[in-house]
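Notes for the one structure printed next.
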Amino acid sequence: MVFDSMFCFGERFADIQMLRYKLNGFDKLSARQKLYIYYLSKATLYGRDITFDQFGKYNLRIRKMLEAVFVSPAVIRDTKEFNALEEYLKRVWFSNGIYHHYGCQKFKPGFSREYLRSCLEAVSSDSLPLKKGETLDEMCDELFHVIFDEEYMSKRVNKSEGCDLVVTSACNYYENVTQEEAEEFYRSMKKPDDDSPVSYGLNSRLVKSSGLLEEQVWKVGGMYSEAIEKIVYWLGKAAEVTENEKQHTVISKLIKFYRTGSLEDFDDYSIEWVGALEGDIDFINGFIEVYGDPLGLKGSWEGIVEYKDAEATKRTDIICSNAQWFEDHSPVNPKFRKTKVRGVTASVICAAMLGGDEYPSTAIGINLPNADWIRSRYGSKSVTIGNLTEAYNMAAKGSGFRQEFVSDEGVLELLDKYGDICDELHTDLHECLGHGSGRLLPGVDPDSLKSYGSTIEEARADLFALYYMADVKMVELGLLPDMEAYKAEYYSYMMNGLMTQLVRINIGDIIEEDHMRNRALVANWCMAHGDVLRIVKREGKSYVEIKDYDKLHVLIGKLLWEIQRIKSEGDFEAARSLVERYAVNIDAGLHAEIVGRYEQLNIAPYKGFLNPWMKPVYDEAGEITDIELDYSEDMSHQMLRYSREYSTL
């Protein structure tokens, strides 16, 4: 099958365009390597229900209810309301629940209560997610309140200043708990002068019952046990066909963590994983990123299976081999730098399977583990996901986006010539070095920035990448062709932070997602601190203008200095002040203009991916001899298949 732009595109609905990604070089892997990937992929897909439940306590029942209607032959399909129900269901599939995957606001259904009720009355009750002894009326009373009442549980993650962020967030990480109670609960667990603290709260739900707070731990025998048992089974199968003994040890330690739920065991696994560098295949599987928790403590479940792109990895090898140089020349206070950079490794990889919080919408770069003390002592591993970037780039060609938002022909030439290579290098620097740079001062609590921590951390990594992209070292190392190239990244980054990312936000809303806040913070701060960056009007349209790229580079270094200081010292008030001043609020007139111009282009602002369907080939003895890839599934088929094959909760 030829992987071209036509193959890349799947269906489009709402504000989403589905894409396909190709497993480049998969056919060159050995049969054992393919089997290893296949088993890891099964472990990845079995985490799906966990993510749904984490993102909202009613998500699983709503999904199952809507799927029963969608597949029922008793429901008439050729109607306006059925089409609206289908779009709503696809949005639920895409976002792992009833809340927008990026903006976190609850979806508004385009069908009525009465229509859904009439459909449910036509559906066999055996296919509905009725609780034991529950009637259809009782199920509808409970779930319709969640679906149709706009003000009830209206946002999955709320980060608006002045609110109780736990009470006003609908994510399923807390029950009957206030923000103050949650913060005090985990504050009291921390040990003074602990130089290797666990990530308190990472793998549990905090609940209050009869006035007492307790954690429901996600482990075998605990919460989500049915799903975790399946994950453990397939990890065990994968352990039988690893490429080397080190990979076997990594999987064994992950299985131990899933069985005990001990965060000390998770740290042991993370340390072993960081040191597992041999072999072509790797994976992420577990409760990892904390963006979905308003307090930044609890990890959403995610999974990725990957294998190296050997040729493209040469680029990240260059970056990693010079990690100490980058750290030593960082424009931050020397006391906040690492004196010795340890274990920085990075690869460009091909994603082979996406799951949980990394599916269908996924990152294009990852740096782990997140624990600062593990990074400092043992290092980190970074990946740039090359085949997903390839799919994104194919989807962007010919969209008219640049022509609409860039009026300067010289800038357009820069973007056309250098845009793709700069995007890749920015991701590499952000993930490989940015997140791993700098250090906390002794005694600083890694959670001291609280709800602002994720925004500050993403800004720190972005600023690190932006600062070094304008350094002649990039040309000396062969990472950029000349000293004009970085300007393409500076322009596209500032345009995104000041204007074009606003198309992802509803008119009247503020910015709440951490990555978007990060970009807005950087761009708005730079615009406010020197006459080098501004928004200008030409023929009634707004455009970004950079008057002096060298001076902008200096500003980026100054902001990196301050952001690193905030991180290293745990300065909560300074973090709050920066984020609230530069990263949250939106000019209403500019917002409306940008959204209107974007809508005329008829481009979906969000992209997501369909996984390849891995099909084992058996010999006469029933042994798997090969894994075939099927790229033909549409979204409905894949999601319904996953619901049949991987539902556990």
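Numbering of residues begins at 1 and proceeds along the displayed sequence. Note that these values count all heavy atoms, side chains included, but never hydrogens, waters or copies made by symmetry.
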Practice item. Given side-chain contact (heavy atoms from CB on, under 4.5 Å), test Val217 with Met223 step by step and report yes or no. Key: CA-CA 6 Å; Val217 179; Met223 191 173 181; over 6 Å; no

Look at [X] together with [Y] and state whether they make a salt bridge at an N to O cut-off of under 4.0 Å.
| X | Y | answer |
| --- | --- | --- |
| Asp462 | Arg519 | no |
| Glu327 | Lys340 | no |
| Glu593 | Arg597 | yes |
| Asp514 | Lys159 | yes |
| Asp531 | Lys547 | yes |
| Arg576 | Glu580 | no |
| Asp328 | Lys338 | no |
| Asp282 | Lys381 | yes |
| Arg205 | Glu175 | yes |

Side-chain donor-acceptor pair present, [X], [Y], cut-off under 3.5 Å:
| X | Y | value |
| --- | --- | --- |
| His100 | Asp15 | yes |
| Gln54 | Asn96 | no |
| Tyr224 | Asp49 | no |
| Asp293 | Tyr174 | yes |
| Thr178 | Asp164 | no |

**Study point:** Pair listing, salt bridge (charged side-chain N to carboxylate O under 4.0 Å, His left out) test, anchored in residues 177-189, at least two apart
**Key:** Glu181-Lys208, Glu184-Arg187

Exercise for review: Mind jotting down which residue pairs meet the salt bridge (charged side-chain N to carboxylate O under 4.0 Å, His left out) criterion with at least one end in residues 451-460? Sequence neighbours excluded, please.
Suggested key: Glu457-Arg460, Glu457-Lys567

Point to revise | CG-OH distance between Asp445 and Tyr200, expressed to the nearest 0.5 angstrom | key: 9.5 Å

Check your understanding: What distance separates Cys104 SG from Arg156 CZ, expressed to the nearest 0.5 Å?
Key -> 4.0 Å

Kindly assign one of parallel, tilted or perpendicular to the pair [X] and [Y], based on the angle between their ring planes and the thresholds 30° and 60°.
| X | Y | value |
| --- | --- | --- |
| His515 | Tyr291 | tilted |
| Trp218 | Phe287 | tilted |
| Phe609 | Tyr392 | perpendicular |
| Phe326 | Phe464 | tilted |
| His426 | His430 | tilted |

Test of understanding: with ring-ring contact (aromatic ring centres under 6.0 Å, His included), list the residues that count as partners of [X], not counting sequence neighbours.
| X | answer |
| --- | --- |
| Phe336 | none |
| Tyr58 | none |
| Phe257 | Phe266 |
| Tyr99 | none |

Has [X] got a side-chain atom pairing as donor or acceptor with [Y]'s backbone, closer than 3.5 angstrom?
| X | Y | answer |
| --- | --- | --- |
| Arg342 | Arg375 | no |
| Ser262 | Glu264 | yes |
| Asn524 | Ala520 | yes |
| Ser568 | Arg439 | yes |
| Asp571 | Ile566 | no |
| Arg48 | Gly356 | no |

Exercise for review: Determine which pairs satisfy ring pair (Phe, Tyr, Trp, His ring centres under 6.0 Å) with at least one residue from residues 360-382, sequence neighbours left out, and list them in order.
Suggested key: none

Mind checking what makes side chain to side chain donor-acceptor pair (under 3.5 Å) contact with [X], not counting sequence neighbours?
| X | answer |
| --- | --- |
| Tyr186 | Glu215, Lys298 |
| Glu599 | none |
| Tyr258 | Asn285, Trp301 |

Exercise for review: Taking the six-membered ring for Trp and the single ring otherwise, decide whether the centroids of Phe94 and His101 are under 6.0 Å apart.
Suggested key: yes

Practice item. Please indicate whether Lys558 has more than 12 foreign heavy atoms, meaning atoms of other residues, nucleotides or ligands, lying under 6.0 Å from its NZ. Key: no

Point to revise | Contacts of type side-chain contact (heavy atoms from CB on, under 4.5 Å), residue Val444, not counting sequence neighbours | key: Leu440, Leu441, Ser448

Exercise for review: Using side-chain contact (heavy atoms from CB on, under 4.5 Å) as the criterion, list what pairs up with Ala346, not counting sequence neighbours.
Suggested key: Thr316, Cys320, Ser382, Cys432

Study note, to complete from the structure: What one should report as the nearest heavy-atom pair of Ala459 and Val522 is CB-CG2, 4.4 Å

Practice item. Please step through ring pair (Phe, Tyr, Trp, His ring centres under 6.0 Å) for the pair Phe405 and Tyr543, ending with a clear verdict. Key: CA-CA 6 Å; Phe405 290 102; Tyr543 299 95; 8.0 Å; no

